[in-house]
Amino acid sequence: MKSNYDYSEIEKKWQKVWIEQKIFEVNEENSKPKFYCLEMFPYPSGKIHMGHVRNYAIGDVIARYKKMKGFQVLHPMGWDAFGLPAENAAIKHGVHPAKWTYENIDYMKKQLIRLGLSYDWRREVTTCAPEYYRWNQWIFLKLYEKGLAYRKSSFVNWCPSCATVLANEQVIDGACWRCESQVEQKELEQWFLKITAYAEELLQDCDKLTGWPEKVLTMQRNWIGKSEGVEVDFPIEGMKESLRIFTTRPDTIFGVTFMCISPEHPLAEKLCDDKSALKKIRLLQREPEVKEGVFTGKYAINPLNGEKVPIWIANFVLMEYGTGAIMSVPAHDQRDFEFAVRYGIPIKVVIKPENEELPDPLKEAYENEGVMVNSGNFSGMSSKEGKKAVADYIEEKGLGKKTVNYRLRDWGISRQRYWGTPIPIIYCDQCGIVPVPEEDLPVILPENVSLTGKGESPLKYVQEFYKTKCPSCGGDARRETDTMDTFVDSSWYFIRYCSLHDESAFHKDKIKYWMPVDQYIGGIEHAVLHLLYARFFTKVLRDLWIVPFDEPFQRLLTQGMVCMESYRCPEHDWLFPKEIKDGKCIHCGKDVQIGRVEKMSKSKKNIVDPDEMIETYGADTVRVFSLFAAPPEKDLEWSSQGVEGAHRFLKRVYSLIYKHHSWLKETEGELSHPEPSSLSILSLIHRTIKRVTFDIEKEYQFNTAIARLMEFVNEVYHFEPKTEEERKVFKFALKNFLILLSPFAPHIAEELWHEIGEKGFILNEPWPQYDEELAREQMIELVVQINGKVRSKIMIPQGLSDEEITKIALNNEKVKQWIDEKEILKVIPVKGKLVNIVVK
RNA sequence: GCGAGAGUGGCGGAAUGGCAGACGCGCUGGACUUAGAAUCCAGUGGGGUCAAACCCGUGAGGGUUCAAAUCCCUCCUCUCGCACCA
């Protein structure tokens, strides 16, 4: 055995052996419980970053732990390989997207192997491979058959920089989620998936997702945005059309003093004579600060009280939501209130708070519940009852109907780019839209294209691709040249992992065995993108009888970001950590300003390269640090000194074994009746097993689990077994310690496992059991409090009764001094370890 | 504005209502060394003391309790998400 911890040699050696011996390969085993552990697959952008390292280290600990716990663990990895960066790289450097992508995959796969991650690589999924995306096309055809995929022309979100369309979920604060360019509106024909057909179920089933963070569920519920209300028709004076509005507050309908419609409303042109004013309002549509409007000159009739109210066109009314028209109740809606004040429109109170008077004039809208007033027959009713009563009345009289509205929009999936799945549709002048027959799949993405990034699909110019025959009439026809949003790829990849490559993507028995995913791990940034789409696809596939469950991911862990301090030079702007020496910029010697701790990003240069870390400290160190520095769901602050600390710990582990390795190899770690001299070691390891197991089971608290392992090492570091008995016990302890360490630092654990003379792979060992009796400390410190303050600590044997500890406490000299002449009111013993004496 | 979460040493972070600060980093001192690095040992919330005793301390203020970082109320700060959704 080498005297120094040669992590590089150890890690290379075992990575090779593990793969040769196929120890990460797994198949269905009906006699064993399964566990599907999944981490979000990466986009192959070139190299992995620390965020990936953290994500996959967390997943690997869980997978290895569950395996040792006796589960059949599916732990796969793949590549979200279609996407814009490949295409942009192609435009910039002239490399074909496929070449660029596959080379990146090669490199990144090596990196993942170097981290010692326990993936079954036979199941590797690459979404840009025809054998994968053919199933995207297949699913698309099924959606089309069911009327869940349709084509329509509409205004879409257009990112001028990516030169393609974005789904609503992909627009963040009016900017592109990928490149942050300002998103424009553009009218285009495109394909939509009818996710709205599942809106209610997607919402309802949030309640089933008990293993998801509440935060993510809130975001999804919010995104779906259900609201219940009524649609009411307001006749327009002097016209045969009426104005249909949506409201969630029918109880305020007697307080309507004006109507507002969106400038895009179909009646806007007709109602408004002042076209230039209309134009102006349109321009102000995305200005949330100002409420602007123009009076159309027309009036609507309130169907409940016959009042005549003016119709305005207003910039704040959205055409996309509800009916694009609203009834305005300034007394009870803040937006309407502001608008009314600005244009001098009357404000009529129809809801009064229970026990107070509203100021007159109102200073702001009163939006809470109360009692209805000035509301005809409904006056006197509580607003809560009124909501229902007015809605019922409206339905009864045929004035409108109760309606449920969702904010969720259908998912636009057409992308005007090359590097994606071709949409399997053919346009025929005779037959119209014709789906590609199933047996003709896959529609292969051609390789010889010239990429421009100009906003039109490059496939439009590839004759061999788009020129085709109509499957229906055999005449000349054109293929659809748009490709699919890459979120389609990731909406079902977890199902593809269940079967091997030479098998169908939808192998029923295998899906039934492995799915759903028991633990999914990834970043919170996908809370409403990928995670919503994947849920939607799962429900569609269920309705196609392909999968037998409603939800794909049982438990979800959203890991925190990896952050680091950023540094800035007054002259050279952001600096890499290595561009700083003694607080000065190495280029100009100026003082470096330390920026705040924030997410590692290339632009701020506050990044560390996983390769360099592995090179300097080894994969085990990188894993241990990223698991130890913070609990998984919290942000992690990268610290180079912290990494050294993790490395130091592993070095101590190594030298601990090294010190004893000569006799450890020859000793069996069996236990008879341990002598008192070795009882404390035995107790320590049982306690360590208990705590580490508990920390992993309870919300994956790897940081404290590792702390327990460190404590163990600190305590036994100088232990010298003297007798044969002590050696046996010590060996037993070290052997179990290595098993506990192995999910976190698998290479060093494996190496030392063999150095102490154990056989087989540590991953195949069962997770150790602990003995509750032995795990208890033999001697404990009895804490004595007087009036709640700690006054004395007495060493006592473990397991004494409350009566016994009370007696010990009261007889303690120090305690006696404190009690003195005072009267003892009460003595509270706690679980044999603490006594609180209340005196006066 | 609405919703969620979080405020604990110099720092990252621990604490089923029961000893606040586990573990790690940093720092201080010591050992080893010609010297340094590495390693090992000890100390390390603040005040106080030769040392102790003791006092104070988990964003602020109140409350419940024998006992509160933890439960309840009020407020402050920060982070994240949503935001004219009628």
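Protein chains get the first letters and strands the later ones, always in sequence-line order, with residue 1 at the start of each. This is a predicted model, so every value here is computed, not measured.
- Residue-level contact check: A:Trp638 touches neither bases nor backbone, having no heavy atom under 4.0 Å from any strand.
- For A:Met219, whose side chain is taken as the heavy atoms from C-beta onward, the closest listed nucleotide among B:rG81, B:rC19, B:rC40 is B:rG81.
- Looking at which nucleotide of RNA chain B each of A:Asn836 and A:Thr704 is closest to, the 5′-most match is held by A:Thr704.
- Within the structure, every side-chain polar atom (N or O) of A:Gln220 is placed at least 4.0 Å from both OP1 and OP2 of B:rC82.
- Rounded to an integer number of Å, the gap from CD of A:Glu644 to C1' of B:rU39 is 14 Å.
- Electrostatic pairing of A:Lys651 and A:Glu644 does not count as a salt bridge here, judged by no charged N lying under 4.0 Å from a carboxylate O.
- An OP1 or OP2 oxygen of B:rA83 is reached within less than 4.0 angstrom by no side-chain nitrogen or oxygen of A:Arg407.
- The side chain of A:Lys215 lies closest to B:rA4 when the candidates are B:rG18, B:rA4, B:rC84.
- Nearest-nucleotide positions on RNA chain B for A:Ile706 and A:Thr323 put A:Ile706 closer to the 5' end.
- For the pair A:Lys291 and A:Phe316, the cation-pi test (distance below 6.0 Å, angle within 45°) is passed.
- Judged by atom type and distance alone, A:Lys793 reaches the base of B:rC19 through a side-chain donor-acceptor pair under 3.5 Å.
- Taking the centre of each ring, A:Tyr658 and A:His661 come in below the 6.0 Å mark.
- B:rU70: no Watson-Crick or G-U partner with both key distances under 3.5 Å is found in any strand.
- Atom P of B:rG13 sits at a distance of 15 Å from the matching atom of B:rA22, rounded to the whole Å.
- Between A:Arg791 and B:rA53 there is no side-chain polar atom (N or O) within less than 4.0 angstrom of OP1 or OP2.
- Proximity of A:Leu556 to A:Leu209: side-chain heavy atoms (C-beta onward) are nowhere separated by under 4.5 Å.
- One finds no side-chain N or O of A:Arg221 lying less than 4.0 angstrom from the OP1 or OP2 phosphate oxygen of B:rC2.
- When the side-chain nitrogen and oxygen atoms of A:Asn222 are compared with OP1 and OP2 of B:rG3, none of them lie within a distance under 4.0 Å.
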